[in-house]
Structures are given as structure tokens and as C-alpha cells.
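Single-structure report; data block below.
Just so you know, these numbers use all the heavy atoms, side chains as well, and skip hydrogens, waters and symmetry mates.
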Amino acid sequence: AQSVTQPDIHITVSEGASLELRCNYSYGATPYLFWYVQSPGQGLQLLLKYFSGDTLVQGIKGFEAEFKRSQSSFNLRKPSVHWSDAAEYFCAVGTPINTGTASKLTFGTGTRLQVTL
Amino acid sequence: KAGVTQTPRYLIKTRGQQVTLSCSPISGHRSVSWYQQTPGQGLQFLFEYFSETQRNKGNFPGRFSGRQFSNSRSEMNVSTLELGDSALYLCASSFLEGTGELFFGEGSRLTVL
């Protein structure tokens with residue numbers, strides 16, 4: 001079974017500083033990888049996804065993530081954080097459709113980002 | 001295009017009661033998934049429906065059930081509510097089955113007293 005670890009429960013950064021949120025996954029083959037963001041009282045919004053190909057993927061709101069197979073990691077980065085980025089971020093892993101698990105995602109426990117002005 | 005709509009947004013029930021939550025997916029989306037979010041357990045997959053068929057089910061007791069209608073709208077039902085069922089229940093829809101590109105609603109927050 002797949003699993004996702006987000007080692008940082010809470011991160012605080014200053015506005016304008018760079019950001020990196022860590023994500024490690026466990027899966028026997030190449031998984032589908034996702035980052036979602038959740039603002040208070042809201043549902044989750046997809047930031048970016050990795051299925052195959054280029055290991056550096058670009059997402060919305062200036063976020064990017066890099067898939068590193070050797071490290072089983074899919075860290076999320078942003079070069080300059082804005083106060084509106086304060087939210088909870090979830091890394092998730094899914095398995096390819098041909099394994100029959102469809103849209104069953106396994107989420108990490110989340111990292112809460114606080115942005116100081 | 002309207003997003004995923006969940007109703008009701010908030011509800012309070014007492015132990016032993018049952019509850020039905022509704023989800024209207026984005027127009028054209030045929031896959032609907034349900035997740036439970038709690039502070040202790042995080043986000044956990046409940047089940048997924050595609051074209052009125054349950055494709056996957058998570059590790060929840062039989063008190064949790066769902067269905068999907070021909071217009072792709074979905075409902076989930078929890079019977080014999082327990083205090084531990086208090087959670088945010090999130091519905092997500094997807095255009096393509098099995099891609100994980102989920103569009104989430106704002107959720108239904110259930111409080112069980």
C-alpha cells in the first residue's frame with residue numbers, strides 16, 4: 001500500500017522568502033503525485049500534479065515541484081511567498097488507472113504554512 | 001462553470017441518528033469521490049463512484065454508504081451516528097476516471113453530539 005509523509009507539521013516563513021515543503025512517498029512503482037492546498041473553511045484545490053515525463057512540474061500560483069525517484073520525494077517550492085499563500089498544503093499519491101484503484105488518493109497529514117509580514 | 005456543490009454545509013446530529021449528504025459534481029464530470037477529514041486521522045478516502053458504479057471503497061464500516069445517480073450527483077449516508085463521525089466530509093469530482101485530478105467542494109461539516 002502506498003503512503004505519504006510530510007515531516008513538517010507547521011512552517012513559518014516571511015513574506016517574500018522562498019519556501020520548500022517536503023513530501024516523501026512510498027509506492028512500488030512510479031505513482032501519480034499531487035499537491036493540494038486548503039484554505040480555512042474551504043475544500044482542497046489542486047496546485048500541481050506529476051504523472052510522468054519532466055520531473056520538474058509547474059503549477060498554479062507560482063508553485064513548482066520536483067519528482068526525485070531516488071529519494072522518493074516530491075517537494076513543493078515557491079521562490080517568493082505571498083501572505084495569501086498561508087494555508088494547509090497536502091501532498092498526495094495516487095496509483096495509475098490500470099491498477100484499478102481509480103481516484104483513490106492517499107494524503108499526507110499536511111503542512112500548515114504561516115506567512116509573517 | 002459551477003464548481004462542486006455540497007449540501008448541507010453544516011449540520012448537527014445526535015448519536016444514533018443518520019445523515020445524508022449530497023454532492024453535485026462539476027458539469028460533465030462523471031467520477032465522484034468522498035473523503036472524510038478529521039484532525040486526528042487527516043484525509044481518508046471513503047469511496048468513489050463512476051457512472052453510477054462504486055469503483056473503490058475505503059476502510060470504513062458498513063454504516064457509511066453512498067450512491068450515484070444517472071446525472072452524476074452523489075449522496076453519502078451515515079447511519080447510527082457515533083461521536084467519532086464528526087468530521088468534514090469532502091466530495092470531489094473528476095472528468096477522467098482514475099487520474100487523481102480532483103476538484104473538491106467546500107465540504108459538509110458534521111457534528112455529532
* Does a sphere of radius 6.0 Å around CG in B:N71 hold more than 12 heavy atoms from other residues, nucleotides or ligands, not counting ones at 6.0 Å or beyond? -> yes

* To do: Using the rule that two of Ile, Leu, Val, Met, Phe, Trp, Tyr join whenever any of their side-chain heavy atoms come within less than 4.5 Å, decide whether A:F107 and B:F60 are in one cluster.
  => no

* Which answer fits A:Q38, side chain, backbone, both or neither, if we ask what part of it has an atom under 4.5 Å from a heavy atom of chain B? -> side chain

* To do: Give a yes or no on whether B:F103 and B:Y49 share a hydrophobic cluster (residues Ile, Leu, Val, Met, Phe, Trp, Tyr; joining criterion: side-chain heavy atoms under 4.5 Å apart).
  => no

* More than 12 heavy atoms of other residues, nucleotides or ligands under 6.0 Å from CD1 of A:I60: is that the case? -> yes

* Asked: Would you find more than 12 non-hydrogen atoms of other residues, nucleotides or ligands less than 6.0 Å from B:R15 atom CZ?
  -> no

* Asked: So, does B:Y35 use its side chain to make a donor-acceptor pair with the main chain of A:L105 at under 3.5 Å?
  -> yes

* Counting only heavy atoms closer than 4.5 Å, note whether B:L88 contacts chain A via side chain, backbone, both or neither. => side chain

* Asked: Step by step, would you call A:Y36 with B:L102 a side chain to side chain contact (heavy atoms under 4.5 Å, CB included)?
  -> CA-CA 9 Å; A:Y36 284 85; B:L102 305 179; 3.5 Å; yes

* Which atoms form the tightest heavy-atom contact between A:L44 and B:F104, and what is the distance? -> O-CB, 3.3 Å

* Asked: With a 4.5 angstrom heavy-atom cut-off, which part of B:R109 approaches chain A: side chain, backbone, both or neither?
  -> neither

* Transitive ILVMFWY side-chain link B:F47 to B:L90, under 4.5 Å -> no

* **Engaged part of B:Q37 at the chain A interface, taking heavy atoms whose separation is under 4.5 Å** => side chain

* Asked: Got a second to check how far B:F45's CZ is from A:T106's OG1, nearest 0.5 Å?
  -> 9.5 Å

